[in-house]
Structures are given as C-alpha cells and as structure tokens.
Asks: 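The following block contains the structure, expressed as structure tokens.
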Amino acid sequence: MLDALASVLSLIVQPCYDLTGNWWLAILLFTVIIKIVLMPVALWCQKNAIVMVQLMPDLNRITVKHFGDRETIGEMQNALYKERRYHPMLSLVPLAIQIIILFGLVEVVRSITEGGAPGTEFMGLVPFEDGGASWAMPLLAGLSAVIMGFAQNRINPLQREQSKTEKNVTNGLSIALSFVLGIFVSAGMAFYWICSNLSSIAVQALCNAIIKPSKHIDYEDLAESRVSLDELNALSKRTTKWYQRDPLAKREKADYKRFFNIVNKHIVFYSEGSGFYRYFQGAIEWLLANSDVRIHYITSDPNDQVFEIAKTEPRMLPYFIGDKRLITLMMKMDADIVVTSLEDLENYYIKRSYIRHDIEYVFMFHHMTSAHMVANKNAYDHYETIMCAGPHQVEELRRAEELYGLPARNLVPCGYDLLDRLIASYEVLEKSKHERPVVIVAPSWQDDCILDTCADEMLKLLLAEGYRVIVRPHPEYVKRYRPRWEALQARFADVDDGDLFFERDFGSTDTVFTSDLLITDWSSVACDFSFSTGKPSVFVDTPMKVGNPDWREYGIEPTDISLRNEIGVSVSPDNLAALPAIVKDMLGNHDAWAHRIESVRAGFIFNLGHGGSAAGEYLLESILAKQEAKKAEIGHV
C-alpha cells in the first residue's frame with residue numbers, strides 16, 4: 001500500500017526535481033501542487049466552517065436557555081447540525097490526507113537519499129538518530145505551526161470565532177505535532193511539513209477570496225448572542241487555580257443530589273445569599289410553629305445563616321447550590337410552591353420549571369417601596385403570587401396588568417415582616433441621648449450616589465456644625481468600587497474617629513438605629529430607619545435609580561419619590577449649603593416628625609406587626625389546598 005502510494009507521489013516529485021534541479025525546491029514545488037490538487041477539499045471545508053459560524057448564534061441561545069443541562073444542549077445541538085447539514089468531523093479531513101501523503105512521502109525521500117543523489121546529504125538526517133544540525137528542523141517545524149496558528153486565528157472563519165481556550169488547544173496540538181514529527185522523521189520530510197504549514201495560510205486566504213465569510217455570516221447577530229452567554233459563563237468562573245480542587249464542589253454536588261432524591265416537596269425557598277433570609281424569616285418561623293411542613297431552603301451562599309438554624313430545627317432542610325448549577329436545578333424544580341425574592345424570573349437565566357407547570361411561584365419583596373420604577377419593567381410578570389407590603393404595590397401591579405394585558409396575579413396583602421422585627425428590636429433597644437447629635441450617611445450603591453457626587457462637601461458641612469458623622473456605604477458599593485471607598489477614607493484620614501467614623505463591619509445595624517438622623521439618596525434604608533425609629537431622613541436628589549424607563553405610563557407617582565417629603569426632606573446636591581439648617585430643624589422637632597412618620601406608616605403597610613404570620617398563613621393555606629386538589633384528582637381517577 002505504501003509502496004504504491006510512494007510510486008504515485010514519485011511521479012510528482014521527480015518532475016519537480018527535473019524542473020528545478022534542487023531537491024529542496026522540488027519538495028516545495030511538490031507541496032504547492034498538492035495544495036492546488038486539494039483545493040476542492042479546502043473549499044468544502046470552508047463552506048462547512050461558515051455553516052458552523054452561521055449556527056453559532058442559535059447554539060449560543062440554546063446554551064443560555066438550557067444552561068447547565070448538558071444532555072438537552074447536546075440533543076438540540078445535534079438536531080441543529082443535522083438540519084443544517086454541518087459535519088463536525090469534516091475539518092479533520094485535510095489533516096488525515098496530509099498524514100497519508102506524509103507516509104507515502106517517507107518512502108520517496110528514503111529512496112532519493114539512499115540513491116546518494118547530489119544535495120541529499122542533509123535531507124536524510126533524522127534528529128532523534130543523527131543529532132547535530134538536523135535538530136534545527138523540529139524547531140523550524142514548531143515555528144511554522146506557531147505562524148500558521150497565529151494567521152488562522154485571524155483569517156479562518158471558524159477558528160477566529162472560537163474561544164480562547166479552543167484556539168489554544170488547536171494551536172497547541174498543531175505545534176506539538178509539528179515539533180514531535182520534526183524529531184522522528186528525516187529532515188526532508190520535516191521540510192515538507194514546514195512548507196505545508198506555511199502554504200496553508202495562502203490556501204485559507206484564497207478560500208476567503210472565493211467564498212467570502214462576510215457575505216454569509218451575520219456577525220452582529222453572533223455578537224449579540226454572546227452577551228448573555230458571556231454573563232452566564234462569568235457566573236461560573238473558577239475561584240481556584242486549575243490544579244486545585246474546588247472545596248465546595250463536592251458539597252454542592254451532594255446537596256444537589258439530595259434535593260432531587262426527596263419527593264413530594266411542598267414548599268421551597270430560594271435565597272441569593274445569607275442576607276436574604278431576613279425577608280423570609282417571619283413566614284418560615286410561623287410555618288415551623290404552626291404546621292408540620294418541611295422547609296426546603298436553597299441558597300447560593302455556602303455560609304448562609306440557615307445552615308446554623310437547621311442544626312436546631314430538623315424540619316429546615318438547607319441546600320447549597322452555586323449560581324451555575326442553580327440554573328439547572330430551577331429548570332428541573334419539582335415542588336408545589338417556590339418562594340423567592342428574585343426579580344426577573346424567566347427573563348434571564350433563572351427559569352420556571354420545565355418539569356412541572358403547576359408550581360405556584362411566590363415573590364416576596366425585599367423593600368417596602370414601589371414596584372414599577374426601580375425594578376425592571378417585566379420583573380414580576382412570571383409570578384402567580386406576589387406578597388405585597390402595602391396598598392401602593394397592589395395598585396401598581398394591577399395597573400401593570402391593565403396596561404400590558406398581563407394575567408391577574410394573586411396579590412396577597414401581606415405586610416413587611418422585616419419592618420415588624422425592626423420596630424420590635426428598636427422598642428427594646430436601650431436608648432440614651434447623645435452628647436452631640438449623630439448623623440449617619442447611608443447611600444445606595446449605584447453610579448452617582450452620594451459617595452461619588454457630594455460626599456466631601458457634605459461631610460465638611462456636617463463636621464463644621466459639630467455633629468458626629470457615621471458613613472455607612474452599601475456593601476455592594478465597597479465590593480464594586482473599593483478604590484473609590486478607600487480614596488474617600490484617605491481624604492479624611494486626619495479626622496478623629498470620634499468625629500467621623502467610616503463603617504467597615506456590615507454584620508450589625510446598630511449604628512443605623514442608634515443614630516439621630518439618616519442621610520441617603522435613593523436607598524430603601526430610609527424606610528427601615530424612619531418607619532422603625534420614628535426619626536426623619538434627609539434625601540439628597542442624586543440621579544434616580546430607574547430600572548423601568550416606562551414607569552410614567554402607570555400614571556402613579558412611585559413612593560420612592562413621594563415618601564421623600566413625607567418622612568423627611570429632599571435637598572438638591574447643588575444646594576448642600578442649606579443642609580446644616582435642615583438637619584438642625586429636623587433634630588429640634590423630633591416629636592412632630594415622630595407623629596408624622598407614624599401616621600404615614602399606618603396607611604403604608606399592611607398588617608403592621610403581623611407581616612410574617614400573614615405570609616405564613618397564606619402559604620400554609622395554599623399548601624393544604626394543593627394537597628386536597630391532588631387527593632381529589634387521585635380519587636376521581
């Protein structure tokens with residue numbers, strides 16, 4: 001077989017030598033002829049590569065939709081390949097042909113060198129056997145692969161769209177193959193491989209000229225399809241080195257398996273982190289005290305406080321599920337009720353269950369203010385039930401249904417358990433009058449918040465009036481903009497902590513509720529502070545937090561705006577000179593503000609003092625109703 005192939009190849013090599021009179025040039029000319037003969041195969045591969053790039057937007061969207069579900073992604077990917085007649089293995093055909101030619105050419109070169117023809121002395125040397133100058137050939141072969149890979153990453157329509165990892169693997173294999181080949185074959189064979197690698201660049205350029213990728217590929221659609229996928233991949237980036245084992249991986253895998261091994265789950269809570277437990281706490285504690293229901297609690301925080309709680313509460317079943325695996329878990333969710341404070345269910349990565357379509361998804365607010373300005377426009381559209389803190393949220397959500405033709409949701413007049421507990425905690429808090437008033441500055445974390453726009457001027461004005469000032473940033477601000485936060489502290493490093501204190505521990509809220517007055521911008525902490533303590537807040541009118549640009553269509557003024565001058569006073573960043581007088585007036589009229597805030601609170605919150613029990617009662621009634629419905633269905637069958 002090899003002898004026959006060598007005989008055929010000799011019919012090309014010998015005329016090349018006769019024409020050039022040099023065996024090195026003969027091999028170069030032979031390589032060019034082979035590339036020309038194989039041009040139809042190269043064009044076939046070009047078309048196949050373009051088809052793959054055309055498929056990439058659809059493949060990216062499939063991956064986003066079913067992220068983490070490898071089985072489904074694989075099935076849909078294969079179906080798409082068949083539909084568009086894409087052949088994944090076709091790109092290996094040129095390499096296979098090259099290897100076959102290589103084997104045949106070995107015999108040709110051996111017969112030439114053994115004949116002792118002039119100019120063949122170096123051609124027959126094998127680095128592994130002969131050493132010496134022949135070791136230059138493996139290095140040149142590897143270098144040719146580097147050059148080829150560099151070029152193909154930029155001009156090959158498929159390779160240029162591959163990920164960095166895929167490019168590195170492809171190029172790494174090519175370089176390794178070229179280098180190793182150069183060691184174990186004769187110098188003449190290695191020279192052919194070098195010529196083949198470099199001429200492949202010209203072949204690809206010619207293919208691009210004949211079949212232009214830009215005429216067949218929608219690069220804008222491809223770029224758009226990558227945005228969501230890149231965000232998803234960012235969720236699962238390694239926090240450890242590639243050679244280290246993720247210490248949480250085993251725990252997460254075990255919790256994932258344990259969750260699905262339990263059948264007949266009546267209620268599941270999902271928490272984004274440890275701090276979110278406080279929004280479910282009242283409902284969960286009521287359910288544990290007034291029923292025998294088991295609480296399945298999924299959290300993306302391995303250090304969530306719920307794991308400690310579960311040690312003394314056997315009916316609390318917590319599970320640690322990271323962001324990436326959570327996507328799959330939610331798609332395969334099997335429970336009667338799922339409760340979460342996660343906005344934008346179904347709109348982005350977290351989807352409703354593909355397994356059960358009768359799950360009641362319940363949303364619990366993590367703030368008391370409006371539902372139609374700060375959140376995204378469709379943030380609550382895919383929930384059957386929404387636990388409303390006050391009548392304003394009911395009005396806004398019903399208006400959304402009317403405006404956008406949404407199905408009527410079950411809007412439960414629940415209340416706000418967190419506020420109930422803040423009020424109770426404040427009532428038993430030991431209170432003492434400060435020697436000098438304490439003002440806490442607690443802004444939100446978005447761009448152009450107080451800390452980014454007017455903090456320096458504000459702090460200087462307050463300190464000049466003799467107030468003790470505490471600056472408590474939002475934890476997210478410190479996380480995202482640590483250099484800004486540290487720069488602010490550095491600018492006031494000479495001020496004594498007794499006059500100006502920068503809060504660095506966010507585990508306690510004591511500094512908030514023991515302060516005499518709060519200054520914020522658009523943070524909902526003002527409601528927590530004023531409604532629980534009866535003390536007023538100052539609102540600095542920095543640019544608003546707006547998630548729904550169409551909020552004005554509702555014809556309802558958001559409470560994020562209206563409350564500013566009901567439980568406090570608004571001040572423009574351009575008029576901060578008036579701030580000391582405003583603060584002095586508010587501190588001097590404590591009782592009047594307390595009565596005013598109490599009056600506003602009475603009409604603002606449902607079930608004041610009983611928000612947790614209202615939520616728990618609704619959830620238990622829903623669980624029991626679903627059980628009765630199942631029994632009736634079984635009895636009917």
Side-chain angles (χ1 to χ4, degrees), residues 279 340-348 361-416 418-419 443-444 446-449 520-528 530-531 536-573 596-608 611 614-615 618:
Y279 304 117
T340 178
S341 61
L342 179 74
E343 295 176 345
D344 290 301
L345 175 69
E346 193 71 20
N347 295 336
Y348 296 108
Y361 284 86
V362 179
F363 178 80
M364 295 187 76
F365 280 99
H366 49 76
H367 61 81
M368 292 174 267
T369 51
S370 285
H372 69 298
M373 184 179 80
V374 176
N376 292 330
K377 184 175 182 178
N378 310 115
Y380 316 110
D381 289 1
H382 299 284
Y383 284 95
E384 282 81 15
T385 299
I386 301 175
M387 301 284 201
C388 296
H392 55 287
Q393 291 177 346
V394 174
E395 181 185 9
E396 292 154 2
L397 292 166
R398 290 292 183 223
R399 179 61 174 151
E401 294 169 358
E402 179 185 336
L403 280 174
Y404 307 119
L406 300 173
R409 274 79 55 90
N410 182 22
L411 305 183
V412 181
C414 175
Y416 198 63
L418 176 58
L419 176 62
S444 55
Q446 84 275 13
D447 284 338
D448 297 324
C449 68
T520 188
D521 37 39
W522 295 93
S523 172
S524 60
V525 70
C527 288
D528 296 347
S530 291
F531 282 155
S537 298
V538 174
F539 299 89
V540 181
D541 293 331
T542 57
M544 289 194 301
K545 292 170 63 176
V546 177
N548 176 15
D550 300 324
W551 64 269
R552 290 180 178 83
E553 292 181 357
Y554 288 63
I556 302 171
E557 184 179 40
T559 57
D560 305 78
I561 297 174
S562 62
L563 275 180
R564 296 169 79 81
N565 289 303
E566 292 182 13
I567 62 173
V569 174
S570 296
V571 61
S572 169
R596 178 175 175 175
I597 291 168
E598 184 178 352
S599 176
V600 172
R601 185 183 68 184
F604 193 74
I605 301 295
F606 289 129
N607 299 310
L608 192 63
Y618 170 80

Asks: Could you tell me whether a side-chain N or O of T369 sits under 3.5 Å from a main-chain N or O of T559, the two making a donor and an acceptor?
Replies: no
Asks: Step by step, would you call N378 with N347 a side-chain hydrogen bond (donor to acceptor under 3.5 Å, both in side chains)?
Replies: CA-CA 8 Å; N378 310 115; N347 295 336; 5.3 Å; no
Asks: Ring pair (Phe, Tyr, Trp, His ring centres under 6.0 Å) with H366: which residues, sequence neighbours excluded?
Replies: Y279
Asks: Could you state the interatomic distance from CD (E343) to NE2 (H382), rounded to the nearest 0.5 Å?
Replies: 13.0 Å
Asks: For the pair T340 and Y383, evaluate side-chain hydrogen bond (donor to acceptor under 3.5 Å, both in side chains) and give the outcome as yes or no after the intermediate values.
Replies: CA-CA 10 Å; T340 178; Y383 284 95; 4.6 Å; no
Asks: Side chains of K377 and D550: does their closest heavy-atom pair fall under 4.5 Å?
Replies: yes
Asks: Would you please test T385 and V412 for side-chain contact (heavy atoms from CB on, under 4.5 Å) and show each step?
Replies: CA-CA 7 Å; T385 299; V412 181; 3.7 Å; yes
Asks: Using a 4.5 Å cut-off on heavy atoms from C-beta on, say whether the side chain of L345 contacts that of Y361.
Replies: yes
Asks: Is D344 reaching over with its side chain to a backbone N or O of Y380, donor-acceptor style, under 3.5 angstrom?
Replies: no
Asks: With rounding to the nearest 0.5 Å, note down the distance linking SG in C388 to CZ in F363.
Replies: 9.5 Å
Asks: Measure the NE2-CD1 distance between H392 and I556 for me, rounded to the nearest 0.5 Å.
Replies: 11.0 Å
Asks: Is there a side-chain contact between M373 and I561 (heavy atoms, below 4.5 Å)?
Replies: yes
Asks: Tell me, with the steps shown, if W551 and E396 meet side-chain contact (heavy atoms from CB on, under 4.5 Å).
Replies: CA-CA 10 Å; W551 64 269; E396 292 154 2; over 6 Å; no
Asks: Please determine which of T520, V374, D521 meets the side-chain contact (heavy atoms from CB on, under 4.5 Å) test together with S444.
Replies: D521
Asks: Which heavy atom in I597 sits nearest to a heavy atom in S530, and how many Å separate them?
Replies: CG2-O, 3.2 Å
Asks: Compare all side-chain heavy atoms of L418 with those of F365 and state whether any distance is below 4.5 angstrom.
Replies: no
Asks: Indicate every side-chain donor-acceptor pair of residues 601-608 with a distance under 3.5 Å to a residue at least two apart or in another chain.
Replies:
from	atom 1	to	atom 2	distance (Å)
R601	NH1	F531	O	2.6
N607	ND2	P413	O	2.7
N607	ND2	C414	O	2.9

Asks: Calculate, to the nearest 0.5 Å, the distance between atoms CD and CG belonging to E553 and L403 respectively.
Replies: 6.5 Å
Asks: Would you call F539 and S537 a side-chain contact if the rule is heavy atoms closer than 4.5 Å?
Replies: yes
Asks: Can you name the nearest heavy-atom pair linking Q393 to M387, along with the distance?
Replies: OE1-O, 4.4 Å
Asks: Would E401 and R398 pass as an ion pair if we require N to O under 4.0 Å?
Replies: yes
Asks: Under 3.5 Å, is there a donor-acceptor pair between the side chain of S370 and the main chain of H372?
Replies: no
Asks: Does this structure show an ion pair linking D560 with K545, if we count only N-O contacts that are shorter than 4.0 Å?
Replies: no
Asks: Report the distance from atom CD of Q446 to atom OG1 of T542, rounding to the nearest 0.5 Å.
Replies: 6.0 Å
Asks: Do you know the tightest heavy-atom contact between V540 and R564?
Replies: O-NH2, 3.1 Å
Asks: In Å and rounded to the nearest 0.5 Å, what is the CZ to CG distance from R399 to L406?
Replies: 12.0 Å
Asks: Compare every heavy atom of A375 with every heavy atom of A371, then report the nearest pair and how far apart it is.
Replies: O-CB, 4.4 Å
Asks: With side chains defined as the heavy atoms from C-beta onward, is the minimum distance between N410 and I386 less than 4.5 Å?
Replies: no
Asks: Any side-chain heavy-atom pair from H367 and D528 closer than 4.5 angstrom?
Replies: no
